[in-house]
Amino acid sequence: MQRRILLTGANGRMGTEMMRRLNSSSWSVTPTTRQTMDICNFEDVDQQISESDPSLVLHLAAYTNVSKSETEKNICWQTNVIGTRHVMRAAQKKSIPVVYVSTDYVFDGKQGLYKEDDCPNPTGFYAISKLVAEEAAMSVDKARIIRTSFIGSEWNFKAAYVDKFTSADYIDVIGKELMIYLNNIDQIDEKILHVATQRKSIYDLVIVRHKNIERGFQNSNLSSQPIDFSLDTSQWESVKLRLNDFEKIEGS
Ligand SMILES: NC(=O)c1ccc[n+]([C@@H]2O[C@H](COP(=O)([O-])OP(=O)(O)OC[C@H]3O[C@@H](n4cnc5c(N)ncnc54)[C@H](OP(=O)(O)O)[C@@H]3O)[C@@H](O)[C@H]2O)c1
């Protein structure tokens with residue numbers, strides 16, 4: 001039987017990337033956007049999920065403006081927390097699994113290589129809202145949480161930090177990892193997984209696609225800034241090793 005996936009936030013950055021991949025895969029896809037399903041409106045969400053009756057929901061829709069969230073707390077909360085509760089509640093009514101995409105920002109960036117069960121310590125409102133939304137997913141049996149981080153292929157700066165660390169990767173690289181996750185979800189039991197790539201400096205990430213980038217330094221003038229948001233991805237690496245032939249069914 002063909003598997004059916006409903007996406008929230010299908011017009012966003014990762015939504016667009018996942019639509020491109022899912023459309024050329026064996027999944028039947030129902031994309032939803034703010035126009036077709038406002039996650040802040042439970043009736044909207046309930047009706048759309050119930051009518052399209054997917055076998056899986058990929059919940060990407062969010063308020064994602066990290067700096068503006070400090071002054072737009074209400075809309076950020078409504079979208080990320082209340083919206084996620086709506087998606088969880090509607091899916092739970094029909095026993096549909098949901099994959100909720102969360103962020104490395106639930107950690108404070110002081111330590112790096114965070115494991116799935118390390119204590120979160122979000123430092124801004126966006127990150128707080130994503131962490132509270134994780135709790136909405138934690139309380140639903142069939143919901144899962146992926147923590148990740150990604151950048152687009154563009155880099156509009158002269159330099160990139162050599163002293164700031166991440167396990168983020170380019171959106172297409174993370175998109176491919178998400179496809180592996182979705183294609184094999186029936187064989188993945190972990191409630192929370194860090195789906196990203198190995199720890200590296202921002203400079204080492206950017207130089208892969210921007211050969212002339214200069215080395216930038218953060219510590220010298222901003223010593224109080226967090227410097228290491230990297231996620232420990234060893235559980236995800238073990239899951240991939242465990243999966244049979246994941247390359248073959250990745251479907252990218
Ligand atoms: N970017 C990162 O590095 C990163 C890292 C970790 C986790 N994440 C998470 O990954 C997910 C996707 O991120 P992204 O960067 O692709 O985000 P994005 O480009 O900002 O896309 C978010 C989408 O959510 C939609 N949306 C906002 N409010 C909505 C509402 N009330 N109802 C329905 N849709 C709504 C937006 O629609 P409009 O365009 O109409 O506003 C937009 O299409 C998010 O959950 C984000 O928190 C991102």
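Counting from 1, the numbers follow the sequence of the chain as shown. Every heavy atom of this structure was used, including side-chain atoms; hydrogens, water molecules and symmetry mates were not. Numbering of ligands and ligand atoms starts at 1, following listing order.
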TODO: Could you say whether the N/O atoms of H59 and ligand 1 ever approach to under 3.5 Å?
DONE: no
- [ ] Find all atoms of ligand 1 within a distance of less than 4.0 Å from any non-hydrogen atom belonging to L60, and give their numbers and elements.
- [x] 11 (C), 12 (C), 44 (C), 45 (O)
- [ ] Going by heavy-atom distance to atom 6 (C) of ligand 1, choose the closest among T16, T166, T148.
- [x] T148
Task: Note, Y114 side chain near N121 side chain (heavy atom, < 4.5 Å) - done: no
Task: Contact check, G83 vs ligand 1, heavy-atom distance below 4.0 Å - done: no
- [ ] Could you tell me the separation between the NE2 atom of H59 and the CD1 atom of I146, rounded to the nearest 0.5 Å?
- [x] 13.0 Å
- [ ] Can you see which heavy atom on M18 is nearest to which on L7, and at what distance?
- [x] CB-CD2, 4.1 Å
TODO: Examine the proximity of ligand 1 to S102 and report which part, side chain or backbone, both or neither, has a heavy atom under 4.0 Å away.
DONE: backbone
TODO: Could you grab the distance from atom CE of M88 to atom CG of D141, nearest 0.5 Å is fine?
DONE: 12.0 Å
Open item on the list: To check your reading of the model: name the closest protein heavy atom to atom 17 (O) of ligand 1, its residue, and the distance in Å.
Closed with: T64 CG2, 3.4 Å
Task: atom 23 (C) of ligand 1: the protein heavy-atom neighbour that sits closest, reported with distance to 0.1 Å - done: G9 CA, 3.9 Å
- [ ] Among all protein heavy atoms, pick out the one at the shortest distance from atom 32 (N) of ligand 1; state its residue, atom name and that distance to 0.1 Å.
- [x] I39 N, 3.0 Å
TODO: With heavy atoms of C40 as the reference, note each atom of ligand 1 found under 4.0 Å away.
DONE: 31 (N)
Open item on the list: Between I5 and T30, is there a side-chain heavy-atom distance shorter than 4.5 Å?
Closed with: no
Open item on the list: Tell me whether the count of non-hydrogen atoms from other residues, nucleotides or ligands lying under 6.0 Å of CD in E154 goes above 12.
Closed with: no
Open item on the list: Contact between ligand 1 and Y126 is defined here as a heavy atom of the residue under 4.0 Å from a ligand atom; is it met?
Closed with: yes
- [ ] Check whether NZ of the Lys or CZ of the Arg R209 lies under 6.0 Å from the centre of the six-membered ring of Y170 and within 45 degrees of that ring's axis.
- [x] yes
TODO: Check each of R34, H86, R13, M14 against atom 33 (C) of ligand 1 and report the one with the nearest heavy atom.
DONE: R34
Open item on the list: Evaluate G15 for polar contact with ligand 1, using N/O atom pairs at a separation under 3.5 Å.
Closed with: no
Open item on the list: Looking only at the side chains, is there a donor atom on one of Y63 and N74 sitting less than 3.5 Å from an acceptor on the other?
Closed with: no
TODO: Give the residue and atom name of whichever protein heavy atom lies nearest to atom 45 (O) of ligand 1, and the separation in Å to one decimal.
DONE: K130 NZ, 2.7 Å
TODO: Considering the heavy atoms of T103, write down every atom of ligand 1 situated less than 4.0 Å from one of them.
DONE: 6 (C), 7 (C)
- [ ] Could you tell me whether E116 and R147 make a salt bridge, using a distance below 4.0 angstrom between a side-chain N and a carboxylate O?
- [x] no
TODO: Any atoms of ligand 1 less than 4.0 Å from a non-hydrogen atom of D38? List them with their elements.
DONE: 30 (C), 31 (N), 32 (N)
Open item on the list: Among all the protein's heavy atoms, is there at least one whose distance to atom 39 (O) of ligand 1 comes out below 4.0 Å?
Closed with: no
Task: Residue A61 vicinity, atoms of ligand 1 by number, heavy atom under 4.0 Å - done: 24 (O), 34 (N), 35 (C)
Open item on the list: Quick check with a 6.0 Å cut-off and a 45 degree axis cone: is R144 positioned over the face of Y100's six-membered ring?
Closed with: no
TODO: Look at D228 together with R199 and state whether they make a salt bridge at an N to O cut-off of under 4.0 Å.
DONE: yes
- [ ] Starting from atom 13 (O) of ligand 1, locate the nearest protein heavy atom and write down its residue, its atom name and how far away it is, to 0.1 Å.
- [x] F150 CZ, 3.7 Å
TODO: Enumerate the atoms of ligand 1 whose separation from the nearest heavy atom of V101 is less than 4.0 angstrom.
DONE: 9 (C), 10 (O), 45 (O)
TODO: Starting from atom 22 (C) of ligand 1, locate the nearest protein heavy atom and write down its residue, its atom name and how far away it is, to 0.1 Å.
DONE: A62 O, 3.6 Å
Open item on the list: Within the 4.0 Å heavy-atom shell around M37, which atoms of ligand 1 are there?
Closed with: 32 (N), 33 (C)
- [ ] Go through I171 and I151 one step at a time and tell me if the side-chain contact (heavy atoms from CB on, under 4.5 Å) criterion holds.
- [x] CA-CA 6 Å; I171 194 164; I151 63 169; over 6 Å; no
Open item on the list: What protein heavy atom lies closest to atom 21 (O) of ligand 1? Include the residue and the distance to one decimal.
Closed with: G12 CA, 3.3 Å
Open item on the list: Hydrophobic clustering (ILVMFWY, side-chain heavy atoms < 4.5 Å, transitive) - are W77 and I75 grouped together?
Closed with: no
